[in-house]
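Single-structure report; data block below.
Both backbone and side-chain heavy atoms feed into the values below; hydrogens, waters and symmetry mates do not. Everything quoted here is computed from the prediction, not taken from an experiment.
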Amino acid sequence: MPDRAPEPVDRQLPTDEARDLISLVRDIARREIAPKAAEEEDAGRFPRELFTLLSESGLLGLPYDAEYGGGDQSYEVYLQVLEELAAARLTVGLGVSVHTLASYALAAFGAKEQQAEYLPAMLGGGLLGAYCLSEPSSGSDAASLRTRAVRDGDDWVITGTKAWITHGGIADFYTVMARTGEEGPRGISAFLVPGDAEGLGAAVPEKKMGMKGSPTAQVHLDGVRVPDARRIGEEGQGFAIALSALDGGRLGIAACAIGLAQAALDEALGYATERRQFGKPIADFQGLRFMLADMATQIEAGRALYLAAARLRDAGRPFAKQAAMAKLHCTDTAMRVTTDAVQVLGGYGYTADFPAERLMREAKVLQIVEGTNQIQRMVIARHLAGPETR
């Protein structure tokens, strides 16, 4: 392992409180997350105790109102926290992003009574959330989902299967999109389902290329009964809620991707300055210096792109196009940079003795989750040229 300690990212933060927050996150990452990351990922162990610590530290509800236990932080600040966490371990950074996504529907569309009853525990009470939109037969075509909720008096009875659910089987609550009416997007509603609901279960977690410590599983709802008081928003509003949530979620993935890429660059730079060949550090060779320069430039560009989108969101301006651009660019950057990091380390980069190969495997999933990068290109093109002609 390289002995050279990486320089912390020079962040332009809006307040002293934000700077203190980043210092806290870096301390937690250095002491509690990074030292165990490789071992626990290799063992496929989910660090639930870390999420308890993050909740106790106020880091699981950063972009939400303090009235309900949130951190009252801007997305500009929240995303930089995610980047720091993901640089230490992607399972943790992405886990916080998914929890934030799962909390969004209630925080943005819930009734005041619902928010007062459920949000404090979700944002600061040690709970962990999951977001249930995708299904075995509807991934990118989410509007064709088949999970159905049927009204029964004051309750809804939900039946169906959700797929590719991060935290599936271990979450304390699930934000579930289910069909309550006609086919298509207008027939979908959103529900807040407790993790211990009768009839709710999960399959064995998927065996994945990377992020082995983060459980991804199908979630089965077999006649799960929830009161109408757990329906979020109006009947038929669920798909609009889901799309609104994904705009913010894509920024979370973008930030995680840049954190992962930064970790790979730090590893490559540390190795290149210490590894000697032909009597000098390999970082002295122009071909490798140019590779490191390109890696750093791509990371800085991605960081600027996701922060620009975050500032639009914070200002209450439309940001869906920029969120798709950020997700597309940052995750493609993570794939390129981690691949280059393996190349810089040469044979060592291909071994599990160094983190480069793990970072490369983890980067791949970021091009797929929360809308594949092909879907991001479709979203961007629609903003530029309008909907496709039929």
Side-chain angles (χ1 to χ4, degrees), residues 1-38 59 76-90 92-93 96 254-276 280-308 310 326 329-330 333-346 348-349 353-360 362-363 366:
M1 294 287 188
D3 294 326
R4 180 183 185 274
E7 292 291 328
V9 174
D10 183 15
R11 300 193 180 279
Q12 305 303 309
L13 296 162
T15 63
D16 289 339
E17 181 186 11
R19 282 185 280 275
D20 291 341
L21 178 60
I22 290 294
S23 294
L24 169 66
V25 172
R26 285 174 172 167
D27 185 57
I28 292 174
R30 176 179 54 82
R31 289 187 298 104
E32 305 292 343
I33 302 176
K36 302 176 183 178
L59 300 178
E76 177 186 2
V77 172
Y78 156 67
L79 292 178
Q80 294 186 78
V81 168
L82 277 190
E83 186 190 328
E84 294 281 347
L85 293 172
R89 185 178 178 186
L90 183 59
V92 177
V96 173
C256 287
I258 292 302
L260 189 76
Q262 184 69 55
L265 173 61
D266 290 341
E267 180 70 16
L269 190 57
Y271 181 86
T273 54
E274 294 179 13
R275 172 71 167 170
R276 299 181 68 86
K280 58 182 179 180
I282 63 173
D284 283 356
F285 294 101
Q286 187 181 72
L288 198 142
R289 293 173 80 86
F290 283 5
M291 184 181 292
L292 293 170
D294 286 344
M295 293 161 73
T297 300
Q298 291 161 11
I299 290 169
E300 287 289 349
R303 184 176 292 124
L305 187 57
Y306 88 62
L307 286 174
H329 176 85
C330 293
T333 289
M335 194 72 247
R336 285 193 299 269
V337 168
T338 55
T339 301
D340 285 347
V342 170
Q343 191 70 19
V344 169
L345 271 66
Y348 292 111
D353 295 327
F354 290 78
E357 61 86 27
R358 172 171 60 85
L359 300 177
M360 179 180 172
E362 291 178 342
L366 298 176

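Among E76, E300, E83, the single residue meeting the salt bridge (charged side-chain N to carboxylate O under 4.0 Å, His left out) criterion with R11 is E83.
Rounding to the nearest 0.5 angstrom, the gap separating the CG atom in D16 from the CG atom in D20 is 6.5 Å. Rounded to the nearest 0.5 Å, atoms CD (Q343) and CG (L345) are 10.0 Å apart. Atom CG of residue L260 and atom CG of residue L366 lie 6.5 Å apart, to the nearest 0.5 angstrom. Rounded to the nearest 0.5 Å, atoms CD1 (I299) and CG (D294) are 11.0 Å apart. D340 contributes atom CG, which lies 10.5 Å from atom OG1 of T333 (distance to the nearest 0.5 angstrom). Here L288 contributes atom CG and R275 contributes atom CZ; the two are 12.0 Å apart, rounded to the nearest 0.5 Å.
I258 approaches G302 most closely through the heavy-atom pair CD1-CA, 3.8 Å. The shortest heavy-atom contact between A272 and P281 is O-CB, 3.9 Å. Looking at every heavy atom in both residues, V344 comes nearest to A268 through CG1-O, 3.8 Å. Across T338 and L359, no two heavy atoms sit closer than the pair CG2-O, 3.7 Å. Closest heavy-atom contact between A334 and A363: O-CB, 3.7 Å. Across all their heavy atoms, A264 and A341 have their closest contact at O-CB, 3.7 Å.
Side-chain contact check for D266 and Q262: at least one donor-acceptor pair (N or O, by modelled atom type) lies under 3.5 Å. Defined by atom type and a distance below 3.5 Å, a donor-acceptor pair is missing between the side-chain atoms of R336 and T339.
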- request: With side-chain contact (heavy atoms from CB on, under 4.5 Å) as the test, would you mind laying out the steps for V81 and L21 before giving the verdict?
  value: CA-CA 8 Å; V81 168; L21 178 60; 3.9 Å; yes
query: Does the pair F285 and M291 meet the rule for a side-chain contact (heavy atoms from CB on, under 4.5 Å), with working shown?
result: CA-CA 10 Å; F285 294 101; M291 184 181 292; over 6 Å; no
message: Checking V9 against R303 for the side-chain contact (heavy atoms from CB on, under 4.5 Å) test, could you report, in this order, the C-alpha distance in whole Å, the side-chain angles of both residues, the deciding distance, and whether it holds?
response: CA-CA 11 Å; V9 174; R303 184 176 292 124; 3.6 Å; yes
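Checking side-chain atoms of R19 against main-chain N and O of L13 turns up a donor-acceptor pair under 3.5 Å. With hydrogens and angles disregarded, no donor-acceptor distance shorter than 3.5 Å links the side chain of R89 to the backbone of A34.
Using a 4.0 Å cut-off between a side-chain N of Lys or Arg and a carboxylate O of Asp or Glu, R358 and E267 do not qualify as a salt bridge.
Between Y348 and F354, the two ring planes are tilted [angle within 30° to 60°].
Looking at heavy atoms from C-beta onward, P14 lies in side-chain contact with V77 at the 4.5 angstrom threshold. Contact of the Q80 side chain with the L307 side chain is registered, since non-hydrogen atoms from C-beta on lie closer than 4.5 Å. When side chains are defined from C-beta on, L292 counts as touching M295, because their heavy atoms get closer than 4.5 Å. Between I33 and L85, some side-chain heavy-atom pair lies under the 4.5 Å cut-off.
Enclosure of atom CD in E32 by more than 12 non-hydrogen atoms of other residues, nucleotides or ligands within 6.0 angstrom is indicated.
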